[in-house]
Amino acid sequence: MREIERIKANLHTKNANEKEFLQATDEVLDSLAAVLEDHPEYIKAGVLERIVEPERVIMFRVPWVDDKGKVQVNRGYRVEFNSAIGPYKGGLRFHQSVNLGIIKFLGFEQIFKNALTGLPMGGGKGGSDFDPHDKSDGEIMRFCQSFMSELYRHIGQFTDVPAGDIGVGAREIGYMFGQYKRLKNEYTGVLTGKSLNYGGSLVRKEATGYGLLYYVEAMLKDHGEELNGKTAVISGSGNVAIYAALKAKEMGIKVLAMSDSNGYVFDPEGLDILAIKELKEVKRLRIREYVKNHPKAVYHEGSSGIYTVKCDIALPCATQNELDLNSAKALVKNGVKVVAEGANMPTTPEAVDHLMTNGVLYAPGKAANAGGVATSGLEMSQNSLRLSWTFAEVDARLKDIMNNIYQTVATTAAKYGQKDNQVLGANIAGFIKVADAMVEQGIV
Ligand code: NDP
């Protein structure tokens, strides 16, 4: 469609250096031709031009002092992308690869993901090029305090509610929450992913991984299959991967391999997930250490090799563009049935094409990993109500939300004549909800 091509060309000219952002916008825009034909009001109201432009981009200096007394400077970001259906909501990522294009791609994806949850949350994302890996606890605290010393002016429980992402877990959220409270002298649910000691929600830590498995369960059920007895590989060994693996095992799936950014461990009899959790979450060691106490397992250097392991289900839960065309070919050759994304945009466009043309059930992250932000939404509700729901109650709501997301995505894809095209279903369903709100609110 000419309108879409014009907007894409303009975006590419204006944001030439932001390849991940362009990858994300191209994918969404390419899904929307049929919707725009049905809804000329979106074109009239300039919804496409507006939705690809962040409402606000904040970039700031984060100075801090390391353990040797040396001054370090990192760059901080918060992209407040779209507030049509609620306050900006989305995580903070601390990783050396972070740049504006990565934060914009994540913020853009977040708009549609949050809309799919059915909860009133707009889209945003933030972070820093700070690398927490080799830092002491004191250095992490000083960095987080400095980061929040600027960010606090821009966020608030009714404005923008950040959460965690890569490199930002309960420890970092705690330090940032403490600094926010100190600067504002107010106690509000301004961050989610908080510890249970001061306003966190049960199930938030587990939510993205658990939600991913609930989504896959709904998808397989819809295709007359069940999870019990299947095999899986799960990339990464962070927050999303660990809880996806634990839920997978509980559902009767044998998890054959997991990774970190250096390599992967493989055990044909299935990995001991609790040992991996202890290794990564508590001891903060590399995954290669696993084989020391598990002699049947083998460690392979190089993380992308994980996709050469024969499995029924692949769950990429590490980072963007980690599953490329070669990996997709290896998976298809080995008879994979399902690829469902726990990470954001982990599969390259060429790999997605290859999987879908070969009949693999492919679930995009903005649908399949929405359980994390959905449970953040539930944490916000509990903070506002000044109540805490039980584990069972939050888990049941999460399961319900993931089932609903799958049904919405599948129904939308079928309605637009592309059954099982979950990329199209997720993009259209998320877009329509936000676009309608934008039209109703006028040109803002
Ligand atoms: P964590 O920081 O907890 O874990 C990230 C994991 O991925 C680590 O094990 C890391 O290993 C590994 N990793 C990083 N790069 C690579 C690579 N190139 N190859 C293999 N492994 C790699 O982050 P999360 O688990 O929170 O996030 C993972 C993904 O899920 C991200 O894409 C994030 O945006 C997405 N996501 C997260 C949500 C959440 O609630 N946390 C919600 C929705 C999506 P290493 O230790 O070596 O760096």
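All heavy atoms count here, side chains included; hydrogens, waters and symmetry mates do not. Just follow the structure's listing: the first ligand is 1, and inside any ligand the first atom is 1. The structure presented is a predicted model; accordingly, all values stated were derived computationally and were not measured. Heads up: numbering here begins at 1 and tracks the sequence.
- Listed here is the closest heavy atom pair of Ile173 and Leu191: O-CD1, 3.8 Å.
- The residue Glu341 has no part lying near ligand 1, judged by heavy-atom distances below 4.0 Å.
- The minimum heavy-atom distance between Val332 and His354, with the atom names listed, is CG2-CD2, 3.7 Å.
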Quiz prompt | Worked check of salt bridge (charged side-chain N to carboxylate O under 4.0 Å, His left out) between Lys254 and Glu269 | solution = CA-CA 8 Å; Lys254 198 195 277 184; Glu269 289 175 20; over 6 Å; no
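- Residue-ligand proximity: Cys317 is placed with a non-hydrogen atom under 4.0 Å from ligand 1.
- No salt bridge links Lys247 with Glu206; every basic N to acidic carboxylate O contact stays at or beyond 4.0 Å.
- The nearest protein atom to atom 34 (O) of ligand 1, hydrogens excluded, is given as Asp165 OD1, 2.6 Å; this is a heavy-atom distance.
- Regarding atom 39 (C) of ligand 1, its nearest protein heavy-atom neighbour is Thr208 OG1, 3.4 Å.
- Applying the side-chain hydrogen bond (donor to acceptor under 3.5 Å, both in side chains) rule to pairs touching residues 402-411 yields Asp222-Tyr406, sequence neighbours excluded.
- Per-residue contacts place Asn344 under 4.0 angstrom from the following atoms of ligand 1 (heavy atoms of the residue considered): 32 (O), 33 (C), 34 (O), 35 (C), 36 (N), 44 (C).
- With ligand atoms numbered from 1 in the order given, ligand 1 contributes 30 (O), 35 (C), 36 (N), 44 (C) to contacts under 4.0 Å with heavy atoms of Gly342.
- Classified by interplanar angle (parallel below 30°, tilted 30° to 60°, perpendicular above 60°), the ring pair Tyr290/His294 is parallel.
- For Lys8, the side-chain hydrogen bond (donor to acceptor under 3.5 Å, both in side chains) partners are Asp30, not counting sequence neighbours.
- Protein heavy atom in closest approach to atom 9 (O) of ligand 1: Ser237 N, 2.9 Å.
- Checked against a 3.5 angstrom limit, the closest N/O atoms of Gly167 and ligand 1 fall inside it.
- Note on Glu225 versus Lys221: no salt bridge recorded, every NZ/NE/NH1/NH2 to OD/OE distance being 4.0 Å or above.
- A salt bridge links Lys280 to Asp260: one of the charged nitrogens lies within less than 4.0 Å of a carboxylate oxygen.
- Scanning all protein heavy atoms for the shortest distance to atom 20 (C) of ligand 1 gives Asp260 O, 3.3 Å.
- A salt bridge links Arg171 with Asp137: the closest approach of a Lys/Arg side-chain nitrogen to an acidic carboxylate oxygen falls below 4.0 angstrom.
- The ring-ring contact (aromatic ring centres under 6.0 Å, His included) with Phe147 is formed by just one residue from the set Phe130, Tyr152, Phe60; it is Phe60.
- Between Arg286 and ligand 1, a contact under 3.5 Å exists for at least one N or O pair.
- Considering backbone and side-chain N/O atoms, Glu322 never comes within less than 3.5 Å of an N/O atom of ligand 1.
- Residue Val240 has at least one nitrogen or oxygen atom sitting less than 3.5 Å from a nitrogen or oxygen atom of ligand 1, judged on distance alone.
- The N/O atoms of Gln320, backbone and side chain alike, include none that comes under 3.5 Å of an N/O atom in ligand 1.
- In the vicinity of Arg204, heavy-atom distances shorter than 4.0 Å reach the ligand 1 atoms 40 (O).
- Nearest protein neighbour of atom 27 (O) of ligand 1, counting heavy atoms only, is Ile166 CG1, 3.6 Å.
- At least one N or O atom of His133 sits closer than 3.5 Å to an N or O atom of ligand 1.
- When hydrogens are left out, the protein atom nearest atom 19 (N) of ligand 1 is Ser303 OG, 3.1 Å; that is the closest non-hydrogen contact.
- Of the N or O atoms in Ser261, one or more lie within a sub-3.5 Å distance of an N or O in ligand 1.
- Trp389 and Ser381 get closest at one heavy-atom pair: CH2-CB, 4.0 Å.
- The protein atom (non-hydrogen) at minimum distance from atom 13 (N) of ligand 1 is Ala318 CB, 3.8 Å.
- For atom 1 (P) of ligand 1, the nearest non-hydrogen atom from the set Gly238, Gly164, Ala163, Ala207 belongs to Gly238.
- Residue Asn369 has no N or O atom closer than 3.5 Å to an N or O atom of ligand 1.
- Looking at Asn239 next to ligand 1, an N or O pair under 3.5 Å apart turns up.
- Distances between N or O atoms of Thr319 and those of ligand 1 include no value under 3.5 Å.
- A donor and an acceptor atom, one from each side chain of Gln157 and Asn383, are nowhere located under 3.5 Å apart.
- Of the N and O atoms on the side chains of Tyr215 and Glu341, not one donor lies less than 3.5 Å from an acceptor on the other residue.
- Residue-ligand proximity, Arg93 to ligand 1, at heavy-atom distances under 4.0 Å covers atoms 31 (C), 32 (O), 33 (C), 34 (O).
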